[in-house]
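Following: one structure in structure tokens, then a few remarks.
Just so it is clear: chains get the letters A, B, ... in the order the sequence lines come, proteins before strands, and each one is counted from 1. From a predicted model like this one, the values you see are computed outputs, not experimental measurements.
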Protein chains: 2
Amino acid sequence: MAATIKDVARLAGVSQSSVSRALAAPDQVRPATRERVERAVAQLGYEPNRIARGLSTGRTGTIGFLVPDIANPLFAGIVKAAQRRSREFGLAVLLADSDEEPATELDLIRTLTKQVDGFVLCAPRAGDDELRSVCGDLPVVLLNRRVGQLPSIIFDNADGIRQALAHLAALGHRRVAYVAGPRTSWVNRERLRAFRAVAAGLGLEGVEAGNVSPDFEGGVAVADLVLAAGVTAVIAYNDMIGLGLASRFGARGVTAPGDVSIIGFDDIPASALVTPALTTVSQPKDQCGRAGIDLLADLLNDRDRPSGTRTSLPARLIVRASTGPAPATVR
Amino acid sequence: MAATIKDVARLAGVSQSSVSRALAAPDQVRPATRERVERAVAQLGYEPNRIARGLSTGRTGTIGFLVPDIANPLFAGIVKAAQRRSREFGLAVLLADSDEEPATELDLIRTLTKQVDGFVLCAPRAGDDELRSVCGDLPVVLLNRRVGQLPSIIFDNADGIRQALAHLAALGHRRVAYVAGPRTSWVNRERLRAFRAVAAGLGLEGVEAGNVSPDFEGGVAVADLVLAAGVTAVIAYNDMIGLGLASRFGARGVTAPGDVSIIGFDDIPASALVTPALTTVSQPKDQCGRAGIDLLADLLNDRDRPSGTRTSLPARLIVRASTGPAPATVR
DNA sequence: TTGAAAGCGGTACCAT
DNA sequence: ATGGTACCGCTTTCAA
């Protein structure tokens with residue numbers, strides 16, 4: 001049996017309260033008392049029970065972190081950074097993986113809501129209202145999504161699209177496709193909107209394909225449609241779709257960047273390893289995870305940042321071999 | 001404020017005890033009572049506070065899950081499966097990422113130990129004794145590692161090596177290298193041991209290189225050494241090393257599978273996407289994560305499996321383009 | 001500065 | 001079958 005505060009109190013010859021104080025507010029007890037307590041603590045190897053503390057303080061020292069798919073390198077990277085930062089705050093992370101299911105997202109939040117002090121949510125699928133209501137008044141930080149005035153951290157999707165399109169325009173491309181990801185995804189909608197606006201602004205013809213599932217198979221499935229649209233370049237919702245496109249293109253004898261240029265989003269490891277390597281819009285995963293925890297920690301400490309804090313993280317185009325000059329004649 | 005059991009009791013016009021029973025052991029209360037409780041529960045949107053429950057039962061409904069690197073697709077896959085299974089048991093998962101640091105592994109376990117009912121540990125680096133002592137008598141399931149009599153789930157490393165070597169031998173390779181991963185890794189030691197034994201058994205010359213860090217750079221760094229050893233095939237500790245090898249080989253004008261065959265471990269997504277695709281020993285991530293939770297759940301329910309349960313998961317060789325017949329003459 | 005005691009929200013034992 | 005109540009380990013008034 002682990003030692004409790006009572007054991008410490010008895011051994012130190014003081015009351016529970018004093019032990020509690022000695023630990024939480026050392027300057028509220030006489031040095032002599034503090035020392036006796038400290039000795040007893042050391043001798044018993046006492047560590048406060050966070051559960052019990054949680055019951056009386058209403059705080060658990062644990063935060064919930066929800067992602068749609070931990071096997072997706074983007075989220076894995078974000079979670080990893082968040083983990084590291086949480087440790088510095090002494091917070092534990094309750095991970096939840098919603099498998100990209102809107103219903104599961106809400107479910108998970110609901111069941112976890114009682115055991116955490118707050119949430120960092122990457123929940124692209126659930127509806128706005130459900131999301132807001134399910135969180136109650138628990139501190140919440142949204143990742144990669146905007147809902148009402150909730151504090152959020154997002155990648156600059158519009159700027160990512162802008163960089164990608166500018167790159168393609170400079171290479172002489174005039175007709176460009178965007179392969180959309182899940183229709184319900186907030187991020188997808190943002191990118192699509194930016195695609196339309198920026199393409200128009202640059203005087204490019206924008207073609208839209210999709211929606212497809214955000215994976216390799218999704219890219220493969222839509223590749224022939226993209227080809228039939230007669231574009232010389234395509235921007236995919238994410239890298240996995242981009243890789244699927246490249247694969248199917250290759251099977252059809254269409255090669256990047258000679259016949260068609262391809263750009264993805266996320267900069268997953270595989271993008272740098274394939275041939276040709278995939279040009280991609282990289283998002284700072286580390287910063288994102290870290291900033292998410294920082295923001296939530298502030299919220300937890302009532303060190304209120306102005307309601308509706310919206311951090312925007314820079315997107316960065318990484319040019320690799322999959323993009324090149326537009327072919328002289330369209331296939 | 002969320003509703004408590006008292007609110008439910010008052011609304012239903014029964015005692016706390018009855019509410020508690022109606023929820024935990026429905027057949028111990030009269031149907032009429034149960035219904036009144038259920039209605040009150042529904043009306044108030046009551047959900048039991050797991051923290052409070054934990055305090056009196058001594059169980060939290062939460063388990064700790066430790067991995068060396070959540071950004072590694074192998075662990076991401078395992079965690080994902082574990083997550084899903086945990087949900088079915090109504091268990092929450094406290095994730096911990098040790099960043100491959102032995103000290104962090106132990107640290108994390110120590111701080112989490114009070115808030116969880118048990119652990120699933122993938123802690124390849126920490127020492128045996130520290131590991132055992134830090135867990136105290138908390139139920140623990142070890143992944144991919146064996147320490148004393150602790151219940152464990154491991155991939156059949158020896159058989160994976162055997163399949164890989166048999167494949168290479170059948171292709172006519174006579175001199176084969178093994179590129180070792182981290183020296184302190186239990187898995188690495190197992191594979192190295194198997195490599196020696198099986199190579200000898202098959203009459204192959206075994207060459208050992210390494211130890212290198214288990215990533216792309218590690219593979220690149222050791223590639224020239226491997227080449228200098230005059231082997232026609234190489235088995236890497238994991239896929240990322242294998243991909244690094246292939247990359248550096250390519251830069252030297254040495255191509256797979258023509259000049260040298262390459263086999264990795266783990267079947268990460270990138271392995272299937274690169275050219276040539278990497279032959280790899282696949283480990284059933286889903287089964288592993290699932291089995292880990294199943295085993296731990298049994299332990300938690302005192303449904304004791306015989307102490308020292310050791311589940312072994314089958315390895316499976318996935319032959320892709322990176323392995324082929326041995327060249328007629330060594331470079 | 002210290003100690004006693006009342007909770008925090010449940011569970012489970014003991015009566016009834 | 002139900003209600004009363006002690007208790008889980010800790011925090012936090014309130015008095016002393």
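When all heavy atoms of Gln287(B) and Pro314(B) are compared, the pair lying nearest together is OE1-CD, 4.1 Å. For the pair Asn144(B) and Trp186(B), the tightest heavy-atom approach, listed with the atom from each and the gap, is O-CE3, 3.4 Å.
Checked against salt bridge (charged side-chain N to carboxylate O under 4.0 Å, His left out), Arg50(B) has no partners two or more places apart in sequence or in another chain. For Asn188(B), the side-chain contact (heavy atoms from CB on, under 4.5 Å) partners two or more places apart in sequence, or in a different chain, are Tyr178(B), Ala180(B), Ser185(B), Asn211(B), Tyr237(B). With sequence neighbours excluded, no residue forms a salt bridge (charged side-chain N to carboxylate O under 4.0 Å, His left out) with Arg146(A). Legend: residues meeting salt bridge (charged side-chain N to carboxylate O under 4.0 Å, His left out) with Arg290(B), ordered by chain and number and at least two apart, are absent. Checked against salt bridge (charged side-chain N to carboxylate O under 4.0 Å, His left out), Asp7(A) has the following partners two or more places apart in sequence or in another chain: Arg10(A).
Residues in residues 17-41 of chain B take part in these side chain to side chain donor-acceptor pair (under 3.5 Å) pairs, two or more places apart or across chains: Ser15(B)-Ser18(B). Here side chain to side chain donor-acceptor pair (under 3.5 Å) pairs that include residues 63-90 of chain A, with residues two or more places apart or in two chains, are Asp69(A)-Lys80(B), Lys80(A)-Asp69(B), Lys80(A)-Asp97(B), Lys80(A)-Asp99(B), Arg84(A)-Asp99(B), Arg85(A)-Glu88(A), Arg85(A)-Asp294(A).
When the C1' atoms of four end pairs are superposed on the next four at each end of the helix from dT1(C)-dA16(D) to dT16(C)-dA1(D), using five pairs per end, the two resulting axes differ in direction by 40°, to 10°.
Atom CG of Asp117(B) and atom P of dC8(D) are 18 Å apart (whole Å). For Lys114(A) and dG10(C), the NZ to C1' distance is 12 Å, given to the nearest whole Å. One interatomic measurement links the two molecules: CD of Gln115(A) to C1' of dG9(C), which rounds to 14 Å at whole-angstrom precision. Rounded to whole Å, the distance from CD1 on Ile5(A) to P on dG3(C) is 12 Å. Rounded to a whole Å, the CD atom of Gln16(A) is 17 Å from the C1' atom of dT1(C).
Where Ser15(B) and Asn49(A) each meet DNA chain D at their nearest nucleotide, the meeting point lying more 5' is that of Ser15(B).
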Give each protein N/O atom lying under 3.5 Å from an N/O atom of nucleotides 13-15 of chain D, with the pair distance.
none

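A 6.0 Å sphere centred on CZ of Arg110(B) holds more than 12 heavy atoms belonging to other residues, nucleotides or ligands.
Using a 4.0 Å heavy-atom cutoff across all strands shown, Val14(A) reaches sugar-phosphate atoms only and no base atom. Residue contacts shown for Ser18(B) are limited to sugar-phosphate atoms, with no base heavy atom under 4.0 Å away.
Rounding to the nearest 0.5 Å places CD1 of Ile51(B) at 7.0 Å from OG1 of Thr62(B).
Within residues 51-59 of chain B, the residues approaching DNA chain C are Ala52(B), Arg53(B), Leu55(B), Ser56(B), Thr57(B), by heavy-atom distance under 4.0 Å. Interface residues of residues 25-48 of chain B facing DNA chain D, ordered by number: Gln28(B), Val29(B), Arg30(B), Thr33(B); criterion, heavy-atom separation under 4.0 Å.
Side chains of Leu131(A) and Ile109(A) form a contact here, defined as non-hydrogen atoms less than 4.5 Å apart.
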Counting only pairs under 3.5 Å, give me each side-chain donor-acceptor contact of residues 116-127 of chain B, with atom names and distances, residues two or more places apart or in other chains.
unit_1, atom_1, unit_2, atom_2, d
Asp117(B), OD1, Thr60(B), N, 2.7
Asp117(B), OD1, Thr60(B), OG1, 3.0
Asp117(B), OD2, Thr60(B), N, 3.2
Asp117(B), OD2, Gly61(B), N, 2.8
Arg125(B), NE, Thr184(B), OG1, 3.3
Arg125(B), NH1, Glu100(B), OE1, 2.4
Arg125(B), NH2, Glu100(B), OE1, 3.4

